[in-house]
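What you are looking at is a predicted structure, and each value in this text was computed from that prediction instead of being measured. Nothing fancy with the numbering, it's 1 onward along the sequence.
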Amino acid sequence: NDSILQGIGTNPDPGVASGFVVRPGAGPLQVARSTLNESTRGFVVGCCEVASAPRPLAHLDAVVLDGPTPFMELWGAHADVFNSTLGNGSVPALRASSGNSSVALYQTDGAPSGPGRMTLERYGSVTARVVWPDQRPVASASFQATDTVTDRVVLNLTTDSAGWAPYSFARYATSTWDGSTQSASSPHPFMLTASYRNIIVDRVPVDISKPSTYIMILPDEGVPVVNLSAPAVTFTNHNYGTIGGTAEDFETGVSLVEFAVDAGAFERITPPGPPMDGPVDFSTDYTGLANGIHVLTFRAWDTVGNAGVASAVVVVDPLPPSIFPDQPLNYTTNVRDFNISGNMSEPGSLTIGNYTSVVTEDNLHYNVPFHLATDTDVFPVIATDVAGNNVSFTMVVRLDMVPPELTLTSPANGSYSTTSDILLKGTMEPTSTLYLNGVRLTVGGYSTFSVPAVLSEGENSLELRAVDLAGNEAALRF
């Protein structure tokens with residue numbers, strides 16, 4: 001390693017030792033970062049063909065061979081040569097003296113000669129880096145090289161923290177030497193592909209026979225994703241609050257997050273610093289909102305100017321709701337289990353005792369089941385809107401299962417009348433409603449009544465019916 005060797009093996013006689021001789025069964029010989037000058041033969045690998053001996057090997061890396069004759073002589077041997085210079089091209093660098101030899105040339109060139117047979121595999125180096133449009137490296141990106149002739153992926157690498165894929169080689173051509181003629185295939189072009197998450201970029205097929213560095217720029221066309229911790233619409237009775245969420249960019253990272261109220265200017269709410277990968281948490285306070293509807297907007301930027309936006313609506317409502325009950329707050333009933341119903345002016349809930357009904361925006365109606373445990377019950381009625389405002393009332397419910405008072409004092413049952421117009425007189429419960437033959441009469445509020453009736457000639461059947469506030473009925477037929 002790291003040597004300069006000069007004048008080794010200057011005797012052209014094969015019987016005289018050359019620079020390095022690797023006998024059958026020996027090796028591998030490894031030479032790295034060295035120079036051999038003015039040598040007739042730099043290396044002889046497998047001299048003298050000893051039967052049944054293991055195949056001798058040589059491994060050269062970054063070696064410079066310079067001399068007047070072939071620099072590597074192989075006798076049924078194999079050599080790996082990396083990043084080396086085999087002469088100046090004036091004479092063939094490789095000699096197949098006997099048997100079947102093979103040489104793998106990694107980013108190295110050399111021509112064959114000699115009476116033996118030789119297979120030459122030629123490998124090109126691939127140096128690649130994956131970056132974003134702003135030249136920041138992409139760590140843990142996938143890098144592949146595909147042979148476009150065989151359609152086979154020959155390299156499948158992962159970039160390091162600086163965006164570099166490991167330095168690698170790929171075979172682009174194979175040739176054979178039959179002792180007099182070299183047959184070579186055309187160099188295979190390679191498709192280079194870099195991918196990261198859902199982004200893929202390809203380069204047109206490239207020739208890797210000459211060393212090159214390939215910079216793969218991943219496009220960043222995706223916008224950051226912003227998710228808010230608040231619901232899409234929030235109702236509140238305060239003009240202040242706190243709202244937050246997360247922002248994430250799956251390509252170049254989040255560079256900053258901004259916040260604006262309604263159509264106002266955006267203000268930065270994340271601290272200055274390098275772009276942030278992964279979910280970025282943010283939170284901000286707001287205050288001084290007027291009553292009404294407001295739009296809170298968050299905007300997240302990546303490093304190449306893509307912006308993702310998310311908004312939430314805040315409705316400031318400091319006013320309590322109104323209720324429109326179907327039953328009076330002083331209510332009399334003749335059953336213990338019933339529903340208390342009505343409408344609210346806005347969505348929310350209505351609570352009566354231990355029972356609650358949710359009021360939706362669809363119809364603003366409430367219907368609360370209720371059980372009257374005692375004959376008289378007093379309980380609160382609380383209406384609450386979605387902003388948290390509430391209004392309360394007191395409701396009194398009485399149980400009355402007794403039919404109302406109803407008597408007819410004139411005329412008597414079975415009476416005769418010489419006129420068709422008569423007056424029906426009697427007494428009743430003042431809060432009851434009176435009906436004559438199913439027709440409601442306007443006599444409520446009094447304990448006595450006197451109502452006209454029109455008779456037809458002959459026998460007339462009449463019915464008086466009284467219904468009290470609880471729904472109990474009393475009827476007289478005559």
Practice item. Verify side-chain contact (heavy atoms from CB on, under 4.5 Å) between L60 and F82, making sure each step is shown before the conclusion. Key: CA-CA 6 Å; L60 279 63; F82 291 83; over 6 Å; no

Check your understanding: Nearest 0.5 Å, what's the CG-OG distance between D385 and S349?
Key -> 9.0 Å

Review point. Is it the case that D285 and T287 place a side-chain donor and acceptor less than 3.5 Å from each other?
Key: no

**Study point:** Note, N343 side chain near I323 side chain (heavy atom, < 4.5 Å)
**Key:** no

Practice item. Could you tell me whether the side chain of S255 and the main chain of D302 form a donor-acceptor pair under 3.5 Å? Key: yes

Practice item. Compare all side-chain heavy atoms of Y366 with those of F324 and state whether any distance is below 4.5 angstrom. Key: no

Practice item. Tell me, with the steps shown, if D80 and H78 meet side chain to side chain donor-acceptor pair (under 3.5 Å). Key: CA-CA 7 Å; D80 293 320; H78 176 79; 2.8 Å; yes

Check your understanding: Are any of the side-chain heavy atoms of V314 and T236 separated by less than 4.5 Å?
Key -> yes

Check your understanding: If only atom types and distance count, is the side chain of N389 paired as donor or acceptor with the main-chain N or O of L319 below 3.5 Å?
Key -> yes

**Study point:** S161 side chain vs A139 backbone, donor-acceptor pair below 3.5 Å
**Key:** no

Check your understanding: Going from OG1 on T159 to CZ on R129, what distance comes out if it is rounded to the nearest 0.5 angstrom?
Key -> 10.0 Å

Practice item. Provide the closest heavy-atom pair for N237 versus P318 in the form atom of the first, atom of the second, distance. Key: CB-CA, 4.1 Å

**Study point:** Separation between CZ of F235 and CG of D317, rounded to the nearest 0.5 Å
**Key:** 8.0 Å

Review point. Does the side chain of S209 come under 3.5 Å of the side chain of D207 through a donor N or O and an acceptor N or O?
Key: yes

Check your understanding: Can L120 and T176 be said to form a side-chain contact (heavy atoms from CB on, under 4.5 Å), step by step?
Key -> CA-CA 6 Å; L120 292 92; T176 58; over 6 Å; no

Exercise for review: Compute the centroid of each ring, for W164 and then for F143, and state whether the two points are separated by less than 6.0 Å.
Suggested key: no

Exercise for review: Look up atom CE in M344 and atom OG1 in T384, then write down how far apart they are to the nearest 0.5 Å.
Suggested key: 7.0 Å

Practice item. Would you check if the side chain of S101 reaches a backbone N or O of A96 as a donor-acceptor pair within less than 3.5 Å? Key: no

Point to revise | side-chain contact (heavy atoms from CB on, under 4.5 Å) between V396 and L329, intermediate numbers included | key: CA-CA 6 Å; V396 179; L329 295 179; over 6 Å; no

**Study point:** Taking every non-hydrogen atom, the tightest pair across A62 and S84
**Key:** N-OG, 3.3 Å

Review point. Quick one: do the D202 and T193 side chains pair a donor with an acceptor below 3.5 Å?
Key: yes

Exercise for review: Could you tell me whether the side chains of N367 and H365 share a donor-acceptor contact shorter than 3.5 Å?
Suggested key: no

**Study point:** Test item: R336 side-chain N/O and L372 main-chain N/O as donor-acceptor pair under 3.5 Å
**Key:** yes

Practice item. Applying ring pair (Phe, Tyr, Trp, His ring centres under 6.0 Å), run through H371 and Y355 and close with a yes or a no. Key: CA-CA 10 Å; H371 174 75; Y355 304 93; 8.6 Å; no

Practice item. Might you work through the ring pair (Phe, Tyr, Trp, His ring centres under 6.0 Å) test for F370 and F379, ending with a clear yes or no? Key: CA-CA 11 Å; F370 189 81; F379 48 86; 4.5 Å; yes

Exercise for review: Measure across P224 and A307 and return the closest heavy-atom pair with its distance rounded to 0.1 Å.
Suggested key: CD-C, 3.9 Å

Review point. So does E267 have more than 12 non-hydrogen atoms from other groups sitting under 6.0 Å from CD?
Key: no

Review point. Using the ring of each side chain (for Trp, its six-membered ring), is Y240 parallel, tilted or perpendicular to H238, with breaks at 30° and 60°?
Key: tilted

Point to revise | Exercise: do D281 and T246 side chains pair donor with acceptor under 3.5 Å | key: no

Revision key, fill the gap. Smallest heavy-atom separation, P92 atom then A111 atom, equals CB-O, 3.5 Å

**Study point:** Cation over ring face, R122 and Y172, 6.0 Å, 45°
**Key:** no

Check your understanding: Distance-only, no hydrogens or angles: does the S345 side chain make a donor-acceptor pair with backbone N or O of S322 under 3.5 Å?
Key -> yes

Check your understanding: Which value, rounded to the nearest 0.5 Å, describes the distance between R203 atom CZ and L192 atom CG?
Key -> 6.5 Å

Review point. Under 3.5 Å, is there a donor-acceptor pair between the S311 and T297 side chains?
Key: yes

Review point. Are there more than 12 heavy atoms of other residues, nucleotides or ligands under 6.0 Å from atom CG of N363?
Key: yes

Exercise for review: For the residue pair Y123 and Y106, categorise the inter-ring angle as parallel (less than 30°), tilted (30 to 60°) or perpendicular (more than 60°).
Suggested key: parallel

Study note, to complete from the structure: Nearest heavy-atom contact between P133 and L218 is CD-O, 3.1 Å

Point to revise | Identified side-chain contact (heavy atoms from CB on, under 4.5 Å) partner of F190 from the options V126, T146, V154 | key: V154

Check your understanding: For residues S102 and T119, is any side-chain donor paired with an opposing acceptor at under 3.5 Å?
Key -> no

Practice item. Mark yes when over 12 heavy atoms from residues, nucleotides or ligands other than D151 sit less than 6.0 Å from its CG; otherwise mark no. Key: no

Point to revise | Ion pair R299/E258, N-O distance below 4.0 Å | key: yes

Check your understanding: Side chains of F393 and M395: closer than 4.5 Å at any heavy-atom pair?
Key -> no

Review point. Counting only N and O atoms by type, is there a donor-acceptor contact under 3.5 Å from the side chain of R197 to the main-chain atoms of F250?
Key: yes

**Study point:** Spatial distance of atom OG1 (T333) from atom CG (L399) [nearest 0.5 Å]
**Key:** 7.0 Å

Check your understanding: Is there a side-chain contact between V131 and M216 (heavy atoms, below 4.5 Å)?
Key -> no

Practice item. Start with the C-alpha distance between W301 and F266, add both sets of side-chain angles, then the distance that settles ring pair (Phe, Tyr, Trp, His ring centres under 6.0 Å), and finish with yes or no. Key: CA-CA 12 Å; W301 295 87; F266 280 92; 8.6 Å; no

Review point. Heavy-atom count around I293 CD1 within 6.0 Å, excluding the residue itself: above 12?
Key: no

Review point. Does the side chain of Q182 pick up a donor-acceptor pair with the side chain of S175 at under 3.5 Å?
Key: yes

Review point. Under the 3.5 angstrom rule, does the side chain of R95 hit a backbone N or O of M72 as a donor-acceptor pair?
Key: no

Practice item. Could you give me the CA-CA distance, side-chain angles and deciding distance for N330 and R398, then say whether side-chain contact (heavy atoms from CB on, under 4.5 Å) is met? Key: CA-CA 8 Å; N330 194 344; R398 297 177 179 86; 2.3 Å; yes

Check your understanding: Any side-chain heavy-atom pair from L296 and L228 closer than 4.5 angstrom?
Key -> no

**Study point:** S229 (side chain) donor-acceptor with G244 (main chain) under 3.5 angstrom
**Key:** yes

Check your understanding: Does some side-chain heavy atom of I217 sit less than 4.5 Å from a side-chain heavy atom of V201?
Key -> no

Check your understanding: Closest approach of R268 and G273, non-hydrogen atoms and distance?
Key -> NH2-N, 4.2 Å

Check your understanding: Can you list the steps and then say if R171 with E121 is a salt bridge (Lys or Arg N to Asp or Glu O under 4.0 Å)?
Key -> CA-CA 7 Å; R171 186 176 64 188; E121 295 180 336; 3.0 Å; yes

Check your understanding: Just by modelled atom types, is the N83 backbone N or O under 3.5 Å from a matching donor or acceptor in the Q107 side chain?
Key -> no

Check your understanding: So, do P219 and I199 sit near enough that their side-chain heavy atoms are less than 4.5 Å apart?
Key -> yes

